[in-house]
Amino acid sequence: MEDCLFCKIIADEVPSTKVYEDESVYVFEDINPIAPIHYLLIPKQHICCAAKITSENSAVVGHIYEVAAKLAAEMGITDGYRIVTNCGENAGQSVFHLHFHMLAGVKMGWGKEAVQATE
Ligand code: 5GP
Ligand code: ZN
């Protein structure tokens with residue numbers, strides 16, 4: 001197995017608060033939430049980041065969006081949600097296993113501040 005935090009979470013070697021699981025996708029609560037609802041949706045297959053999505057492994061990405069829509073409907077999230085994936089250094093990716101942040105439960109801003117330099 002990859003020496004990867006999220007692979008270890010999938011394998012239950014590192015504990016997590018699971019929200020959903022199927023044969024190809026695992027969803028759990030972010031340990032440091034930035035919104036009232038902050039889930040991480042990850043493929044069970046280790047893909048390091050969005051830049052490594054190919055025609056061979058891209059089907060799971062569509063499935064992840066489908067799972068997000070299903071979770072939102074089940075949870076009664078009718079006022080919207082945001083899905084974000086940080087890819088690489090400039091975007092601030094800190095765990096190198098592809099993951100999609102699902103944020104909800106708060107009205108979110110959008111604009112230049114979303115891409116302001118942090119240093
Ligand atoms: P990134 O910064 O790579 O886009 O997102 C990584 C996310 O993983 C962060 O939001 C961070 O809070 C979350 N995270 C890091 N370590 C853990 C952990 O051990 N458990 C959980 N549930 N989330 C984690
Ligand atoms: Zn991994």
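Residues take their numbers from the sequence shown, with the count starting at 1. Not measured: the values here are computed from a predicted model. Order of listing sets the numbers, starting from 1, for every ligand and every atom in it.
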- Salt bridge check: are Lys70 and Glu66 linked by an N-O gap of less than 4.0 Å? no
- Item | Metal site the Zn ion (ligand 2), protein N/O/S atoms found under 2.8 Å | 4
- Under 30°, 30 to 60°, or over 60°: which ring-plane class applies to His99 and His101, parallel, tilted or perpendicular? perpendicular
- Apply salt bridge (Lys or Arg N to Asp or Glu O under 4.0 Å) to Lys52 and list each qualifying residue two or more places apart in sequence or on a separate chain. none
- Query: Atom CG of Leu98 and atom OG1 of Thr85: how far apart are they, to the nearest 0.5 Å?
  - Reply: 5.0 Å
- Hey, are Lys107 and Asp79 close enough for a salt bridge, meaning a charged N less than 4.0 Å from a carboxylate O? no
- Task: Find the distance between OH (Tyr39) and OG1 (Thr17) and round it off to the nearest 0.5 Å.
- Result: 10.0 Å
- Query: For the residue pair Ile9 and Pro15, what are the closest heavy atoms and their distance?
  - Reply: CG1-O, 4.5 Å
- Those protein residues which place at least one heavy atom below 4.0 Å from ligand 1: Leu5, Phe6, Ile9, Phe28, Glu29, Asp30, Ile31, Asn32, Leu40, Asn86, Gly92, Gln93, Ser94, Val95, His99, His101
- Message: Less than 4.0 angstrom from a charged side-chain N to a carboxylate O is my criterion; do Glu21 and Lys44 meet it?
- Response: yes
- Partners of Tyr81 by ring-ring contact (aromatic ring centres under 6.0 Å, His included), sequence neighbours excluded? none
